[in-house]
Amino acid sequence: RKSRTMLPNSKTEPLIDRCEDDGHHDDNMNNTGRELVTPLICEQNTRNRVAFDLPSESETEPETSEDERGGAYNVIDDTMSISIAGSSKHYCDPANHTGTVGLLGGISIAVNTLTGPGMLDLPATFQRSGFIPTTVTIIILCGLTSLCSLHMANLISKIPHNRSFQKEVEYSEAFKILGGYKWFIITQILFFLCIMFQLVASIVDTAQVVDEFMGYYFKEAYSLQFFVGSARWVAWDQNACLHSDDVSADMSNDVNFSCIPFDRTTDSSLILSVGYILSALIFIPMSVLDLKESIVWQILSFIVLLVISVQFMVAFCSQDFNVENMSWWGDSYSHLFGVVMFNFTVVIAIPAWLYEKSPDVSVHTVIHSSSVISATLYIMVGSLGAMSMPNVAENMLESMTSGSLGEITQMTSSLFAFFIIGLGIPLFSVVARLNLVGSGLCSERTGNILAVYVPWTLSWMLYQGDAIKELISWGGVICISFVCFLAPLSMSLKVAQNSRVKGSINVFNGLLRTRKEEIKGLQILLVLAVISVTVSIAGLGLSEFWYHDNN
């Protein structure tokens, strides 16, 4: 008799624990001739925990494709229901849910998650860090995030009766089921902070570009400035900003220099601009929709991204390239890993997408395609923009909306802010709400407050000035690195070492065929992720030390 693994109904016991095999094998065969584990009998003990058997090492087979492996391992009685840490969800009930999001929708969601606000800082990053280091970093993190996403999907497929992703299992809930309640708490907090960084950066970038657009076309942009016990409307004039005492003659004569709206208003801590209000009126209603309800907007955002990116590259190529704007190796690397890592956040959208995807959509195709498309856009737009715009702003749209690249590019820059960065706001809000509500942590109303209204409120404090750069760097290193890289790899390694349950995703595409090889591959990936994070933290720490030491 094989030992059983216990499903937890307490706050401390994970789903997967170490199991041993006594050599017993079932003789049943499925219709493909493969050895099939006998359907198991659910047992209920006095602590309301359910036991189920795991297949032995000899019952697992070499890695095959997703479709070929479905249902061949860990077959569990359909009558069994599981109560996990107080959750009312039944993970082993026969599921009637069938996703409807197709291939285009899946790629759109993944690419829109990848092309977030961190993309706007890439031309400046290419100028600081050079073409070769920045390009190599993008390629390395692109491959790493693809494998992390596949491992995250594979983890979710190991949950009982979820090989086809018919159960709604969100990010933190998967860690609770497989790792225990401590993993759930840690991932829930860091996942929320990770989304919060993305939301605040997206909101601030979008609102600032809208205000700058209004300042250029309508000569002035307006905001409501709050004082103690009073408030008043103030105007921002782009021309007055360019010729103010705070801007040197060289800066004002630079056609690519652009002022940040309202960033020099220092006598008030709160600024509510018209651009901010317009952005909120447009994107907050979209943020309370479900993922499948917003899929049309995500597809539209993806198409607009491709069209505008091509227009950007054409506009960059029409300028006189100056190789002095971007060196091969660069001279500053402190923010390199943090900024690039801030872009590769597709893992956060994987659980929600798996539940809504159509059964005929390949997980590999969506993840690999979206990663390659995004990395190509990063390199092309970032490097061409760096060579064509000297002293490019941290937010490249601020330089492009100045009109130096022509009126068409000026208009498409504003469209980019709305359709790519702006439409990423509802996507991040939906994912954050699903992770909170799906795990039973709060009601949908509370989830909307935390995932939709709180980020818009907090964005006020970061609207003025250039603090968004530090938010991207530190937020990318601390929270995103754990949620999108370290946590999926660590849990995948733990489950691979302590159980023989196989998921439905062939992560390494048949290159690693045995369990021992898979564990070794996971260890290498985890070491690579740890090195990347360590380099990022060290770079940012040294940069901060140098800055304070010289000031």
Side-chain angles (χ1 to χ4, degrees), residues 14-16 18 63 110 113-114 137-159 169-180 182-191 193-194 337-338 340-351 353-354 363-364 367-368 370-371 375 435 476-509 511-537:
L15 168 66
I16 301 298
R18 185 172 300 278
E63 296 284 340
T113 308
L114 287 164
T137 302
I138 290 174
I139 293 174
I140 291 175
L141 291 180
C142 173
L144 188 59
T145 194
S146 295
L147 292 173
C148 290
S149 300
L150 290 173
H151 277 296
M152 188 69 222
N154 197 40
L155 278 175
I156 295 176
S157 72
K158 292 182 178 183
I159 293 172
V169 180
E170 300 301 334
Y171 182 93
S172 296
E173 193 168 12
F175 282 89
K176 178 172 66 174
I177 297 170
L178 296 171
K182 290 183 179 179
W183 275 93
F184 171 73
I185 294 298
I186 294 173
T187 57
Q188 189 70 255
I189 294 173
L190 292 180
F191 186 92
L193 291 176
C194 173
F337 269 87
V340 175
M341 191 176 292
F342 198 82
N343 291 281
F344 289 103
T345 57
V346 66
V347 173
I348 63 179
I350 292 298
W353 166 70
L354 289 174
V363 175
H364 283 83
I367 292 177
H368 290 317
S370 60
S371 298
N435 195 56
V477 171
I478 296 175
C479 294
I480 294 177
S481 59
F482 179 84
V483 172
C484 299
F485 295 93
L486 300 180
L489 293 177
S490 298
M491 183 55 64
S492 296
L493 180 60
K494 176 182 178 181
V495 173
Q497 290 174 332
N498 295 337
S499 78
R500 297 179 177 89
V501 176
K502 302 194 71 173
S504 61
I505 304 299
N506 188 349
V507 177
F508 296 103
N509 201 26
L511 296 177
L512 306 181
R513 301 178 64 85
T514 67
R515 176 166 165 258
K516 183 178 295 185
E517 290 176 347
E518 180 182 358
I519 292 174
K520 183 63 67 175
L522 279 166
Q523 291 172 338
I524 294 174
L525 287 176
L526 186 57
V527 169
L528 180 60
V530 170
I531 291 175
S532 300
V533 174
T534 303
V535 170
S536 302
I537 295 176

Visitor: Kindly write out the residues that satisfy ring pair (Phe, Tyr, Trp, His ring centres under 6.0 Å) with Phe184, not counting sequence neighbours, or none if the list is empty.
Guide: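 Only Tyr181 meet the ring pair (Phe, Tyr, Trp, His ring centres under 6.0 Å) criterion with Phe184.
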Visitor: Evaluate Leu354 against Val363 for side chain to side chain contact (heavy atoms under 4.5 Å, CB included), listing each step before the verdict.
Guide: CA-CA 8 Å; Leu354 289 174; Val363 175; 3.9 Å; yes
Visitor: I need the minimum non-hydrogen distance between His151 and Leu489, along with the two atoms involved.
Guide: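 His151 and Leu489 have their closest heavy atoms at CD2-CD2, 3.9 Å.
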Visitor: Can you see which heavy atom on Thr145 is nearest to which on Ser371, and at what distance?
Guide: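 Nearest heavy atoms, Thr145 then Ser371: CG2-OG, 4.3 Å.
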Visitor: Check the pair Tyr171, Val347 against side chain to side chain contact (heavy atoms under 4.5 Å, CB included), reporting the backbone distance first and the verdict last.
Guide: CA-CA 9 Å; Tyr171 182 93; Val347 173; 4.0 Å; yes
Visitor: Search all heavy atoms of Met491 against all heavy atoms of Gly179 and return the closest pair with its distance.
Guide: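 Met491 and Gly179 have their closest heavy atoms at CE-CA, 3.6 Å.
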Visitor: What's the separation between atom CG in Asn343 and atom CD1 in Ile138, rounded to the nearest 0.5 Å?
Guide: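 It comes to 7.5 Å.
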Visitor: Whether the side chain of Glu173 engages the backbone of Val169 through a donor-acceptor N/O pair (distance < 3.5 Å, no angle test) should be reported.
Guide: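 Absent.
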Visitor: With distance as the sole test, does Thr345 use its side chain to make a donor-acceptor pair with the main-chain N or O of Thr113 at under 3.5 Å?
Guide: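 It does hold such a pair.
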Visitor: Nearest heavy-atom pair of Phe482 and Leu190: which atoms, and what distance?
Guide: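 Phe482 and Leu190 have their closest heavy atoms at CD2-CD1, 3.1 Å.
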Visitor: Kindly indicate whether the side chain of Leu144, heavy atoms from C-beta on, has any atom under 4.5 Å from the side chain of Phe344.
Guide: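 Side chain of Leu144 against side chain of Phe344, heavy atoms only: no contact under 4.5 Å found.
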Visitor: Any idea which heavy atoms bring Ile156 and Ala174 closest together, and the distance?
Guide: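 In this case the closest contact between Ile156 and Ala174 is CG1-CB, 4.1 Å.
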Visitor: Would you check, one step at a time, whether the test side chain to side chain contact (heavy atoms under 4.5 Å, CB included) holds for Trp183 with Ser490?
Guide: CA-CA 11 Å; Trp183 275 93; Ser490 298; 4.0 Å; yes
Visitor: At their closest point, which heavy atom of Gly503 faces which heavy atom of Asn154, and how far apart are they?
Guide: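 Taking every non-hydrogen atom into account, CA-OD1, 3.1 Å.
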Visitor: Between Met341 and Phe485, is any pair of side-chain heavy atoms under 4.5 Å apart?
Guide: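 Side-chain contact under 4.5 Å: yes.
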Visitor: Asn435 side chain to Glu170 main-chain N or O, any donor-acceptor pair under 3.5 Å?
Guide: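 No, because the side chain of Asn435 does not come within donor-acceptor range (under 3.5 Å) of the backbone of Glu170.
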